[in-house]
Asks: 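For reference, the structure I am asking about is given below.
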Amino acid sequence: MTSKVLLITPPLTQLNTAYPATTMLAAHLKQRGFAAAQRDLSIDLISAIYTPDFLKRIFLQTKPSAKNRRMLEQQNAYVNTVQSVMRFLQGKDSTLATRIAGGDFLPKGKRFDSVADLDWAFGATGLTDKAKHIATLYVEDIADFIRENIDAHFDLVRYAERLSVSAPTFDKIHAALQAQPSLIDELMLQILDSYILVENTDIIGFTVPFPGCLFSALRCAQHVKKQYPHIKIVMGGGYVNTELRNISDVRIFDYVDFITLDDGELPLEKIILFLQKNEDINNLVRTFYTNEDKVLIYSENDEQNIRFAELPAPDFSNLPSEKYISLVELTNPMHKLWTDGAWNKLTVAH
């Protein structure tokens with residue numbers, strides 16, 4: 001039996017460039033002869049939300065109120081400009097910088113009420129950065145509107161983060177997962193279905209680098225368990241490595257089959273070999289799982305980890321470089337380094 005692994009970055013991580021976890025894992029698995037694919041559900045979801053058709057759906061499902069009046073009165077302007085703004089932030093139409101920076105091209109929500117003196121902040125030579133900042137405020141206004149009216153968990157880079165940050169128990173997350181999927185959840189799961197249809201996978205690995213990725217990863221895992229019960233689910237990543245090292249609640253294994261700690265290459269390889277019946281379960285490395293009696297087991301093993309120098313170059317196959325957006329959230333030029341333009345997070349993340 002051969003297994004195809006689909007590695008997924010769940011919503012939401014930084015949107016300016018690919019998070020490196022799946023690129024390293026995919027490269028390693030392919031080097032070892034395993035079939036592996038990867039997808040960035042984070043950027044694919046944002047790209048699907050910020051479209052004219054989806055904005056129309058959001059506005060149609062919003063009940064008029066005093067709080068919503070400002071956005072609803074400008075809904076046609078948002079629908080008519082969102083495609084242009086996304087193209088500009090993706091670096092596909094730099095000519096829009098002048099129109100956006102002029103101040104009259106885009107509708108303005110509450111994010112613009114406390115905007116800084118942009119002429120002072122960006123000067124005469126920072127036209128593109130000024131336009132990116134204005135476009136970012138526009139994008140954040142839409143995100144605020146979605147959070148207030150459609151999905152209380154939604155945020156551009158911190159999806160349901162408050163449920164995950166230093167959570168002492170699994171209760172709140174588990175309860176939230178029992179609620180009906182929101183409109184945003186439904187869109188996310190439709191995209192996930194499209195991945196599974198194309199890749200025909202039997203193992204899915206979710207990397208959870210930040211608290212804001214945990215809920216969406218578990219929502220996706222819940223959907224996979226229900227719709228594709230033959231697929232095994234592995235979860236690892238930075239958040240898991242720091243916050244789930246002392247996990248004791250077995251309820252999380254209603255959603256995932258394995259939780260791995262620290263560098264994921266060797267644990268994931270061992271899991272694949274076990275599922276292919278080429279390795280005993282006791283040989284798993286740094287992996288949590290449960291048996292038929294729902295007893296939590298940790299297969300620690302001190303098998304030597306794969307040296308970083310022996311790992312191949314990252315593999316960016318199937319990651320949509322054309323979709324990533326450059327945001328300038330603050331006028332502080334130092335902060336801009338984190339969110340503007342594509343850059344390699346590989347060494348820092350490792």
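Just the heavy atoms: all of them, side chains too, but no hydrogens, waters or symmetry mates, feed the values below. Just so we're clear, the structure is a prediction, and the values are computed from it rather than from any experiment.
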Asks: Any donor and acceptor pair, going by atom type alone, linking the side chain of D151 with main-chain N or O of I184 inside 3.5 Å?
Replies: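 No: the side chain of D151 does not pair with the backbone of I184.
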Asks: Would a line drawn from the ring center of F253 to the ring center of F288 be shorter than 6.0 Å?
Replies: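 So the answer is no for these two rings.
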Asks: For the backbone of Q83 and the side chain of R87, can you confirm whether one donor and one acceptor N or O come within less than 3.5 Å of each other?
Replies: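 Here the side-chain-to-backbone pair does not exist.
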Asks: Scan for side-chain hydrogen bond (donor to acceptor under 3.5 Å, both in side chains) pairs involving residues 51-67, sequence neighbours excluded, and state none if there are none.
Replies: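 Sorted pair list: S65-N68.
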Asks: Is it true that a side-chain atom of E265 and a backbone atom of I306 form a donor plus acceptor pair closer than 3.5 Å?
Replies: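 No.
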Asks: Can we say D155 and R147 salt-bridge, meaning some charged N sits less than 4.0 Å from an Asp/Glu carboxylate O?
Replies: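 R147 and D155: salt-bridged.
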Asks: Less than 4.0 angstrom from a charged side-chain N to a carboxylate O is my criterion; do R99 and D104 meet it?
Replies: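 Looking at D104 together with R99, the answer is no, because their closest N to O distance does not fall below 4.0 Å.
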Asks: How far does CG of L6 sit from CD1 of I231, to the nearest 0.5 angstrom?
Replies: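 If I round to the nearest 0.5 Å, the distance is 8.0 Å.
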Asks: What heavy-atom pair brings I134 and L106 nearest, and what distance separates the two atoms?
Replies: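 Minimum heavy-atom contact is CG2-CD1, 4.2 Å.
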Asks: Go through it in stages, so that I can follow the logic: the residues are K4 and E199, the test is salt bridge (Lys or Arg N to Asp or Glu O under 4.0 Å), and I'd like the CA-CA distance, side-chain angles, deciding distance and then a yes or no.
Replies: CA-CA 8 Å; K4 184 171 187 180; E199 297 300 341; 2.6 Å; yes
Asks: If you look at every heavy atom in L183 and F54, which pair is closest and at what distance?
Replies: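 The pair with the smallest heavy-atom distance is CG-CZ, 3.8 Å.
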Asks: Can you check whether D141's main-chain N or O pairs, donor with acceptor, with R111's side chain at less than 3.5 Å?
Replies: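 Not confirmed, R111 side chain does not pair with D141 backbone.
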Asks: List the atom of L89, the atom of V139, and the distance in Å for their closest heavy-atom pair.
Replies: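 So the minimum-distance heavy-atom pair works out to CD1-CG2, 3.8 Å.
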Asks: Measure across A313 and A27 and return the closest heavy-atom pair with its distance rounded to 0.1 Å.
Replies: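 Heavy-atom minimum between the residues: O-CB, 3.1 Å.
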Asks: Looking at Q190, is its backbone amide N or carbonyl O close enough to the side chain of D193 to form a donor-acceptor pair, meaning the two atoms are under 3.5 Å apart?
Replies: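 Pair absent, no side-chain N/O of D193 close to backbone of Q190.
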Asks: For atom CD of Q178, is the number of surrounding heavy atoms from other residues, nucleotides or ligands below 6.0 Å larger than 12?
Replies: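 Yes, CD of Q178 has more than 12 neighbouring heavy atoms, counting only those of other groups under 6.0 Å.
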Asks: Of all the heavy-atom pairs spanning I247 and L296, show the shortest one and how long it is.
Replies: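 The answer is O-CD2, 3.1 Å.
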Asks: Indicate whether the side chain of R219 and that of Q222 have a donor and an acceptor atom separated by less than 3.5 Å.
Replies: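 Distance-only check passes for R219 and Q222.
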Asks: Output the distance between atom NZ (K132) and atom CG (L96), rounded to the nearest 0.5 Å.
Replies: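 Answer for the NZ-CG pair, K132 versus L96, is 13.0 Å.
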Asks: For the aromatic rings, using the six-membered ring if either is Trp, is the centroid distance between Y138 and Y78 under 6.0 Å?
Replies: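 Between Y78 and Y138, which both carry aromatic rings, the centre distance is below 6.0 Å.
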Asks: Is there a side chain to side chain contact (heavy atoms under 4.5 Å, CB included) between L319 and Q38 once you walk through the steps?
Replies: CA-CA 7 Å; L319 296 180; Q38 61 183 323; 3.7 Å; yes
Asks: Can you see whether N291 engages D293 through a side-chain donor-acceptor pair at a distance of less than 3.5 angstrom?
Replies: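 The criterion, which ignores hydrogens and geometry beyond distance, is not satisfied for D293 and N291.
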Asks: Do N16 and I325 have side chains that get closer than 4.5 Å, going by heavy atoms?
Replies: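 N16 vs I325: side chains apart.
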Asks: Within a strict 4.5 Å, meaning less than it, do heavy atoms of the L12 and C213 side chains meet?
Replies: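 No, side chains not in contact.
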Asks: Quick one, T287 with I259, criterion side chain to side chain contact (heavy atoms under 4.5 Å, CB included). Give me CA distance, side-chain angles, the key distance, then yes/no.
Replies: CA-CA 6 Å; T287 300; I259 294 176; over 6 Å; no
Asks: Is there a salt bridge (Lys or Arg N to Asp or Glu O under 4.0 Å) between E269 and R32 once you walk through the steps?
Replies: CA-CA 9 Å; E269 184 179 331; R32 294 296 179 99; 3.0 Å; yes
Asks: Does a sphere of radius 6.0 Å around NZ in K294 hold more than 12 heavy atoms from other residues, nucleotides or ligands, not counting ones at 6.0 Å or beyond?
Replies: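 Count over threshold, so yes.
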Asks: Using side-chain heavy atoms (C-beta onward) and a distance below 4.5 Å, is I272 in contact with N278?
Replies: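 Answer no - side chains too far apart.
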Asks: To the closest 0.5 Å, what do you measure between NZ (K232) and CG (D257)?
Replies: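 Answer for the NZ-CG pair, K232 versus D257, is 5.0 Å.
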Asks: Between the main-chain N or O of L284 and the side-chain N or O of S299, is there a donor-acceptor pair closer than 3.5 Å?
Replies: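 Here the side-chain-to-backbone pair exists.
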Asks: Could you measure the distance from the OH atom of Y228 to the CG atom of L197? Nearest 0.5 Å is fine.
Replies: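 Between Y228 OH and L197 CG, I get 7.5 Å after rounding to 0.5 Å.
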Asks: Can a side-chain donor-acceptor contact be found between D254 and H174 if the only test is distance below 3.5 angstrom?
Replies: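 No pair is found: no donor N or O on one side chain lies under 3.5 Å from an acceptor on the other.
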Asks: For a side chain to side chain contact (heavy atoms under 4.5 Å, CB included) check, start with the C-alpha distance between I233 and Y255, then their side-chain angles and the critical distance, and finish with the verdict.
Replies: CA-CA 8 Å; I233 299 173; Y255 305 92; over 6 Å; no
Asks: Does L268 form a side chain to side chain contact (heavy atoms under 4.5 Å, CB included) with T260? I'd like the steps, not just the answer.
Replies: CA-CA 8 Å; L268 188 54; T260 66; 5.9 Å; no
Asks: Please report the C-alpha distance between D44 and Y195 in whole Å, then the side-chain angles of each, then the deciding distance to 0.1 Å, and finally whether the side chain to side chain donor-acceptor pair (under 3.5 Å) criterion is met.
Replies: CA-CA 11 Å; D44 283 341; Y195 296 163; 2.5 Å; yes
Asks: If you apply the rule salt bridge (Lys or Arg N to Asp or Glu O under 4.0 Å), what do you find for D171 with R251, and how did you get there?
Replies: CA-CA 9 Å; D171 292 344; R251 286 179 296 173; 2.5 Å; yes
Asks: Count I, L, V, M, F, W, Y as connected when their side-chain heavy atoms are under 4.5 Å apart, and connections chain through other members. Are M188 and V198 then in the same cluster?
Replies: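 Result: no, two separate clusters.
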Asks: Find out whether I100 and F88 are in side-chain contact, i.e. whether some heavy atom of one side chain is under 4.5 Å from a heavy atom of the other.
Replies: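 Answer yes - side chains close enough.
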Asks: To the nearest 0.5 Å, what is the distance between NZ (K225) and CD1 (I204)?
Replies: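 Answer rounded to 0.5 Å: 10.0 Å.
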Asks: Do M235 and V208 have side chains that get closer than 4.5 Å, going by heavy atoms?
Replies: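 A side-chain contact under 4.5 Å exists here.
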Asks: Would you say the side chain of R245 lies within less than 4.5 Å of the side chain of D262, judging by non-hydrogen atoms?
Replies: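 Yes, at least one pair of side-chain atoms sits under 4.5 Å.
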Asks: Taking the six-membered ring for Trp, is the centroid-to-centroid distance between Y19 and F210 below 6.0 Å?
Replies: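 Yes, close enough.
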Asks: Between the side chain of N80 and the main-chain N/O of N76, is any donor-acceptor distance below 3.5 Å?
Replies: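 Side chain of N80 to backbone of N76, a donor-acceptor pair under 3.5 Å: yes, one is there.
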Asks: With under 30° as parallel and over 60° as perpendicular, where do the rings of F258 and Y289 fit, or are they tilted in between?
Replies: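 Ring orientation, 0 to 90° scale: tilted.
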Asks: If you measure only the distance, is there a donor-acceptor pair under 3.5 Å linking the side chains of Y324 and D40?
Replies: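 Looking only at side-chain atoms, D40 and Y324 do form a donor-acceptor pair, the distance falling under 3.5 Å.
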Asks: Check I43 against L15 and note the closest heavy-atom contact, atom names and distance.
Replies: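 Looking at all heavy atoms of both residues, the shortest contact is CD1-O, 3.8 Å.
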Asks: By the side-chain hydrogen bond (donor to acceptor under 3.5 Å, both in side chains) test, which pairs, at least two apart or in different chains, include something from residues 307-319?
Replies: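 Output for this query lists K30-D315, R39-N318, D315-S317.
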Asks: Using a 3.5 Å distance criterion without hydrogens, assess whether the side chain of Q74 forms a donor-acceptor pair with backbone atoms of R70.
Replies: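 Yes: the side chain of Q74 pairs with the backbone of R70.
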Asks: For residues L192 and Q227, determine if any side-chain heavy atom of one lies less than 4.5 Å from a side-chain heavy atom of the other.
Replies: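 L192 does not reach Q227 side chain to side chain.
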Asks: Please confirm whether the backbone N or O of I191 pairs with a side-chain atom of S194, one donor and one acceptor, at under 3.5 Å?
Replies: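 A pair under 3.5 Å: yes.
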Asks: Between the side chain of Q75 and the main-chain N/O of L72, is any donor-acceptor distance below 3.5 Å?
Replies: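 Looks like yes, one N/O pair under 3.5 Å.
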Asks: Any side-chain heavy atom of L218 sitting closer than 4.5 Å to one from I252?
Replies: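 With C-beta onward as the side chain, the pair touches.
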Asks: How many angstroms lie between CE in M86 and OG in S84, if you round to the nearest 0.5 Å?
Replies: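 OG of S84 is found 11.5 Å from CE of M86.
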